[in-house]
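Inspection log for the structure reproduced underneath, given as structure tokens.
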Amino acid sequence: MKISIVYHSSTGRTEAAAKEIVKGIEAVEDMEAVLIPVSSFSEKKDEYVKELQESAGVLFGTPDYYAAESWQLKQWLDTCPVSLGGKLGGAFATSNVPQGGPVMAIESILTQLLVKGMLVYSGGTSLGKPNIHLGPVCTGPEMTGMDLFPVFGQRFASKAAELFR
Ligand SMILES: Cc1cc2nc3c(=O)[nH]c(=O)nc-3n(C[C@H](O)[C@H](O)[C@H](O)COP(=O)(O)O)c2cc1C
């Protein structure tokens, strides 16, 4: 079963976070993660559309731009060529500072996923420590909080397996 991760990253932090999520997804039996950078989507559109269609879940990653998702990810969501309804959905963000609005960026994405008919999931605080709330965030050049990302990937993939296997 596949989980795709669609992300935008200009300076590499969100991409590094996505790769940490991959570790968690692939720790779950028979789960495969597919990385889909927004920046190369048009070049490999046919391949990525197929991956998305085959995915049980799709995660979205963004840098925090003024307490919202980046315009590049927003553009992708607005023009997404694949029907995402019924798939599991979740989001993550990176930012410079914790008070800079990364949770608002996640919240904005999750709202859009609901409108697209996705089943939104983060694990929240239901699974004990670490509490992930709306989705994992890491901050600054030190990427403080990165340890949440593999845990999030593992929880998300486990839920997809439980729902769709
Ligand atoms: C246009 C722009 C707006 C930003 N706005 C914020 C912000 O409001 N709060 C914050 O903490 N960081 C902000 N940042 C910093 C980025 O969120 C942060 O550097 C992020 O980790 C970069 O991710 P990337 O390496 O994947 O591109 C902003 C960066 C840019 C370029």
Side-chain angles (χ1 to χ4, degrees), residues 2-27 31-45 47-49 51-52 55 57-82 84 87-116 118 120-125 129-157:
K2 285 182 187 173
I3 305 286
S4 288
I5 307 175
V6 176
Y7 67 93
H8 165 241
S9 185
S10 287
T11 62
R13 292 186 201 164
T14 310
E15 181 166 68
K19 288 179 177 170
E20 289 299 300
I21 292 177
V22 168
K23 292 179 192 168
I25 291 171
E26 296 193 339
M31 297 303 282
E32 181 190 341
V34 181
L35 286 170
I36 303 183
V38 163
S39 58
S40 61
F41 189 78
S42 55
E43 285 157 44
K44 297 167 101 179
K45 187 172 175 183
E47 177 188 328
Y48 287 150
V49 164
E51 297 286 19
L52 285 162
S55 292
V58 186
L59 287 165
F60 295 88
T62 188
D64 166 11
Y65 283 3
Y66 300 103
E69 75 271 40
S70 70
W71 63 265
Q72 292 90 340
L73 185 67
K74 179 71 166 79
Q75 181 183 54
W76 191 93
L77 284 162
D78 287 353
T79 57
C80 170
V82 180
L84 298 173
K87 297 181 187 294
L88 204 63
F92 59 98
T94 71
S95 72
N96 267 342
V97 289
Q99 72 276 23
V103 173
M104 293 164 80
I106 289 176
E107 191 179 18
S108 170
I109 295 169
L110 296 183
T111 302
Q112 291 165 69
L113 303 191
L114 285 170
V115 176
K116 288 177 181 289
M118 297 189 81
V120 169
Y121 184 72
S122 71
T125 59
K129 289 191 177 164
N131 290 318
I132 290 180
H133 295 83
L134 296 186
V137 162
C138 71
T139 55
E142 318 74 23
M143 303 198 66
T144 306
M146 195 61 128
D147 50 321
L148 291 178
F149 286 73
V151 177
F152 178 64
Q154 189 266 329
R155 290 177 178 179
F156 189 88

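The structure displayed is predicted, hence computed values, not measured ones. Remember, it's 1-based here, ligands and their atoms both numbered in the order they're listed. Here, residue 1 is the first one in the sequence, and each next residue gets the next number.
For the residue pair Gly124 and Ser122, the shortest heavy atom distance occurs at N-OG, 2.8 Å.
Of the protein's non-hydrogen atoms, the one nearest atom 19 (O) of ligand 1 is Arg13 NH1, 3.2 Å.
Distances from atom 14 (N) of ligand 1 to the heavy atoms of Thr94, Asp64, Thr62 show the closest one on Asp64.
Residue Ser10 has at least one nitrogen or oxygen atom sitting less than 3.5 Å from a nitrogen or oxygen atom of ligand 1, judged on distance alone. Considering backbone and side-chain atoms alike, Val97 places an N or O below 3.5 Å from some N or O of ligand 1. Residue contacts with ligand 1: Thr11 is placed with a nitrogen or oxygen under 3.5 Å of a nitrogen or oxygen of the ligand (distance criterion only). Of the N or O atoms in Gly100, one or more lie within a sub-3.5 Å distance of an N or O in ligand 1. Polar contact check, His8 against ligand 1: no nitrogen or oxygen pair lies under 3.5 Å apart.
Heavy-atom distances between Gly12 and ligand 1 reach below 4.0 Å in at least one pair.
Classification of the Trp76-Phe60 ring pair by plane angle, with boundaries at 30° and 60°, yields tilted. A tilted orientation is assigned to the rings of Tyr121 and Phe156, their planes being inclined by 30° to 60°.
Residue contact check: Ala67 has heavy atoms under 4.0 Å from atoms 8 (O) of ligand 1.
Within the 4.5 Å cutoff, the side chain of Ser70 has no heavy atoms near those of the Tyr7 side chain.
Taking SG of Cys138 as the start and CD of Glu142 as the end, the distance is 10.0 Å to the nearest 0.5 Å.
In this structure, Thr62 contributes its side chain and Glu69 its backbone to no donor-acceptor pair below 3.5 Å.
Contacts with ligand 1 closer than 4.0 Å are made by no heavy atom of Pro102, backbone or side chain.
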